Amino acid sequence: YAITHNNPRWSKTHLTYSILNYTPYLPRAVVEDAIERAFRVWSDVTPLTFERVFEKEGDIVLSFHRGDHSDLYPFDGSKDHFAHAFLPAPGMGGDVHYDLDQKWTDNSENFNLFYVTAHELGHSLGLSHSNDEEALMYPSYTWSNKDFVLNQDDINRIQALYGPSTNPIQSTGASLDVCNSGLTFDAITTYRGEVIFFKDRFYIRVISFLPEPMINMIDLIWPTLPGKFDAAYESSMVDELRFFKGSKVWAVQEQNVLEGFPMDIHSYFGFPSNVTHIDAAVCEEETGKTYFFVDHMYWRYDENTRSMDPGYPRLIAEDFPGINHKVDDVFQKEDYFYFFYQSIQHRFNLQTRRIDDSGDFSTWFNC
Amino acid sequence: FPVIQDGLQKNVKTVWKYLENYYNLGKDMQAKNVNSKEVMAEKLRQMQQLFGLKVTGNSDPETLNAMRKPRCGVPDVAP
């Protein structure tokens, strides 16, 4: 999308930056950290390196201004226009300006300094706006409090200017290599006969009649759910999926998050207050019993009576021989619980109460 | 401003200011013998294309909505 005339870019890959002044709304250290993380968004995917300088003006100067500050783009304290930046060039080129009268935050409230800085630095490095709604360089700020991952469109365009990063660990953006043997998952669940794996902001749907898994963004189905779940399970008797993150639980039916959620796992399931998160969960369809795995212990919850069974927690290894470690993910398929720990899966036979197969997970994806 | 459908004064200002700030509207309007209606519609089409909106050349509700979202101060179309 060539709107930036003759594609201005920096001719060097090592750039310096300086911070001229600060916003009264955030501690200095928080401002400096937000700006440092914003630079890292771009250095992660290009050969560019950024160094903060103190005694002199950097190639890129970041500063807060009030009203007209004599650069043709006056601020007015409103939400119409509160940050801008200049394309690569000597002098004011590359500089980032913020509205001093705007409320800057480091959380989900408007406006998040890290996110706006990452966007403006895109201009500082030569990028124009993108027409990809998911892109960081989309003209409107689309910040949400999820874990930020640079979009593939942004990666493609900045690498068109500076080339790929020399760092072997590439940020994958909108693509995920499910055959990467080092891959681990945030959560796995079944849903109406499918198996859905969750990683960062992506879901991977394994549908029996499709040769390859479907990979896409969780946002597309559940825009209000956070990414990076801890656990998920299907409560098939009520056709619900339940997602866990920290001490919160979300219940969804198809694309709809049920009213009143997220709820607290202590009040909803009756966990003791010292349980701060759930590692993995699975509901045994035949019995209606849901198993919650936390560290080396597990609880059992009766979906019909909606109460925890007495006599729990118990040691996982005692009742699931061979599962002698924490459980990252678990789901049921036919007579088996599939336990995942790091990138290994164990198939636990619910009849014989033994592991009858172990290996890596790639068979699910026809790697 | 024939391209403005709902005629609300506020919307007129929103659209004009937005296109002036981010799509060079003001400068193009100064040229002589300009068909202001067509210039305005063309700018709106440019904006609608970039934002992935239906390209109508009119300031329809979706377009007004997009214009009201917090956004970056860098113009979408550089002079």
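Order of the sequence lines sets the chain letters (A, B, ...), proteins ahead of strands, with each chain counted from 1. Computed from a predicted structure; not experimentally measured.
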| query | What's the shortest heavy-atom distance between A:Glu120 and B:Val74, and which atoms? | reply | OE1-CG2, 3.8 Å
| Does the side chain of A:Pro139 reach to within under 4.5 Å of the side chain of B:Lys69, using non-hydrogen atoms? | no
| field | Any A:His81 side-chain heavy atom under 4.5 Å of B:Tyr22 side chain | value | yes
| field | More than 12 heavy atoms from other groups under 6.0 Å of CD on A:Glu57 | value | no
| Trace of the side-chain contact (heavy atoms from CB on, under 4.5 Å) decision for B:Cys72 with A:Met137 | CA-CA 9 Å; B:Cys72 167; A:Met137 294 311 294; over 6 Å; no
| field | Ionic contact status for A:Asp80 with B:Lys17, cut-off 4.0 Å | value | yes
| Would a distance-only check, ignoring hydrogens and angles, find a side-chain to backbone donor-acceptor pair under 3.5 Å from A:Tyr138 to B:Phe51? | yes
| field | Close contacts, residues 33-41 of chain A versus chain B, judged by heavy atoms under 4.5 Å | value | none
| message | Rounded at 0.5 Å granularity, tell me how far CE in B:Met67 sits from OG in A:Ser140. | response | 10.5 Å
| query | Rounded to the nearest 0.5 Å, how far apart are OG of A:Ser128 and CG of B:Asp76? | reply | 9.0 Å
| task | Mind checking side chain to side chain donor-acceptor pair (under 3.5 Å) for A:Thr16 and listing every partner two or more places apart, or none if nothing turns up? | result | A:Asp59
| said: Under 4.5 Å from any heavy atom of chain B, what part of A:Phe86 do you find: side chain, backbone, both or neither? | reply: neither
| Test side-chain contact (heavy atoms from CB on, under 4.5 Å) applied to B:Gln49 and A:Asn131, step by step | CA-CA 8 Å; B:Gln49 189 176 8; A:Asn131 63 1; 5.9 Å; no
